[in-house]
Amino acid sequence: MIFSMILLAAYGIDRWIGDPRSLPHPVIGMGKAITAIEKVIRRFVTRQRSLRAAGILLPLTVVGGAWALTAVLLWLLSLISPWLMWAAEAWLISTTIASKGLKDAGMAVYSELRKGDLPAARRAVGMIVGRDTTQLDSPEIVRGTVETVAENIVDAITSPLFYALLGGAPLAMAYRAVNTLDSMVGYKNDKYRDLGWASARLDDVANLIPARITALLLVLCSRLLRYDWVRSLRTVRRDARLHPSPNSGYPESAVAGALGIRLGGENVYHGVRSFRAYMGDPTRPLEPEDILRTSRMMLLCSSIFVGLCAAIAWIGFGG
């Protein structure tokens, strides 16, 4: 019962407060730790085979450290007061979630598009995507925003809640370390191909189950919001596996099918063009309101999922 309330409180903190800049955020500490460990590894390890071995050591150190530090902190707080420990656990779990940040980022792009300020919209979407945005037109700005919001439903909401249910704040924080590692070193380029391979693979494995649960919930949300849930389900079954990521295609295809839009296509990264498989059918042109619709699906999906997690915790599984 107590842990179900902790989960609901954590989600509520993130949904209405988010991550105030005045408060320290664990992910910033993780980022600094990853950078420091990478510098040490590269100072002493230069051979390719050794870098691949170090690629295993990096996630073991960072992820294990995140779990251990969180567990020790909660244990120390429990010696003072169980109420203090519960409050801290709710706050720590809330820092692994980003529903408010995801919604705000999408709405920032939508607001500029509604005002007709294309340069400002390009700058806003450039804050949340890795592709070059300086030449994007309105439909491509919408596509980039919808893809990012849809994809991050897993990374920023359902996966951390899933692991919080299984192992409390320590496991949720360990997942956030996995995700942070992937975003920093999990690239298939010359610099990180050897050092970051294990981090990228671990992120794929960690999101495997949550991504598929999220797709099913998005199909349900499309039914509740009176979007096309039949096409959403059909698109997931047809297109999800076409995405280069083993997980990102599931939420993206679910949203594309529900809204009757086509995601994917040509992107430019540092001047190099890259094609990503299409998701969904272009039954109509992309429009700014698709950002609103995707945000509604994201918020409803996250609310349903946290409710399910709280219900499971209430009956004894996870806390």
Is it true that atom [atom1] of [X] has more than 12 heavy atoms of other residues, nucleotides or ligands lying nearer than 6.0 Å?
{"X": "Arg114", "atom1": "CZ", "result": "no"}
{"X": "Ile209", "atom1": "CD1", "result": "no"}
{"X": "Met184", "atom1": "CE", "result": "yes"}

Nearest heavy atoms of [X] and [Y], plus distance in Å:
{"X": "Leu202", "Y": "Pro59", "answer": "CD2-CB, 4.1 Å"}
{"X": "Ser302", "Y": "Ile157", "answer": "CB-CG2, 3.4 Å"}
{"X": "Ser4", "Y": "Trp314", "answer": "OG-CE3, 3.2 Å"}
{"X": "Ile304", "Y": "Cys221", "answer": "CD1-SG, 4.0 Å"}
{"X": "Ser232", "Y": "Ser222", "answer": "CB-OG, 3.9 Å"}
{"X": "Leu92", "Y": "Leu73", "answer": "CD1-CD2, 4.2 Å"}

May I have all residue pairs that pass ring-ring contact (aromatic ring centres under 6.0 Å, His included) and include part of residues 227-275, sequence neighbours excluded?
Phe275-Tyr278
Which residue pairs pass the ring-ring contact (aromatic ring centres under 6.0 Å, His included) test when at least one of the two sits in residues 41-60, sequence neighbours left out?
none
In chain order, what residues pass the side-chain hydrogen bond (donor to acceptor under 3.5 Å, both in side chains) check against [X], with sequence neighbours excluded?
{"X": "Arg293", "value": "Glu287, Asp290"}
{"X": "Arg223", "value": "none"}
{"X": "Lys39", "value": "none"}
{"X": "Ser78", "value": "none"}

Once side chain to side chain donor-acceptor pair (under 3.5 Å) is applied, what residue pairs with a partner in residues 197-214 remain, sequence neighbours excluded?
Asp155-Asn207, Thr158-Thr214, Ser159-Asn207, Tyr175-Asn207, Asn179-Asp203, Asp203-Asn207, Arg212-Asn247
Give every residue pair that meets the side chain to side chain donor-acceptor pair (under 3.5 Å) criterion with at least one member in residues 124-135, sequence neighbours excluded.
Arg131-Glu147, Arg131-Asn267
Any side-chain to backbone donor/acceptor pair from [X] onto [Y]? Under 3.5 Å, distance only.
{"X": "Thr283", "Y": "Gly260", "value": "yes"}
{"X": "Thr180", "Y": "Arg176", "value": "yes"}
{"X": "Arg122", "Y": "Ile141", "value": "no"}
{"X": "Arg262", "Y": "Ala256", "value": "no"}
{"X": "Arg284", "Y": "Leu259", "value": "yes"}

May I have all residue pairs that pass salt bridge (Lys or Arg N to Asp or Glu O under 4.0 Å) and include part of residues 82-101, sequence neighbours excluded?
Lys100-Asp104
Tell me which pairs pass salt bridge (Lys or Arg N to Asp or Glu O under 4.0 Å) where either residue lies in residues 234-258, with sequence neighbours left out.
Arg238-Asp281
Would you indicate whether the side-chain heavy atoms of [Y] and [X] approach each other to under 4.5 Å?
{"X": "Ile128", "Y": "Asn152", "value": "no"}
{"X": "Leu113", "Y": "Thr145", "value": "no"}
{"X": "Val149", "Y": "Ile291", "value": "no"}
{"X": "Trp67", "Y": "Val63", "value": "no"}

Any chance you could measure Ile41, atom CD1, to Leu51, atom CG, to the nearest 0.5 Å?
8.0 Å
With sequence neighbours excluded, tell me which residues meet side chain to side chain contact (heavy atoms under 4.5 Å, CB included) with Ser111.
Lys115
Just jot down the ring-ring contact (aromatic ring centres under 6.0 Å, His included) partners of Trp83, sequence neighbours excluded, or say none.
Trp86
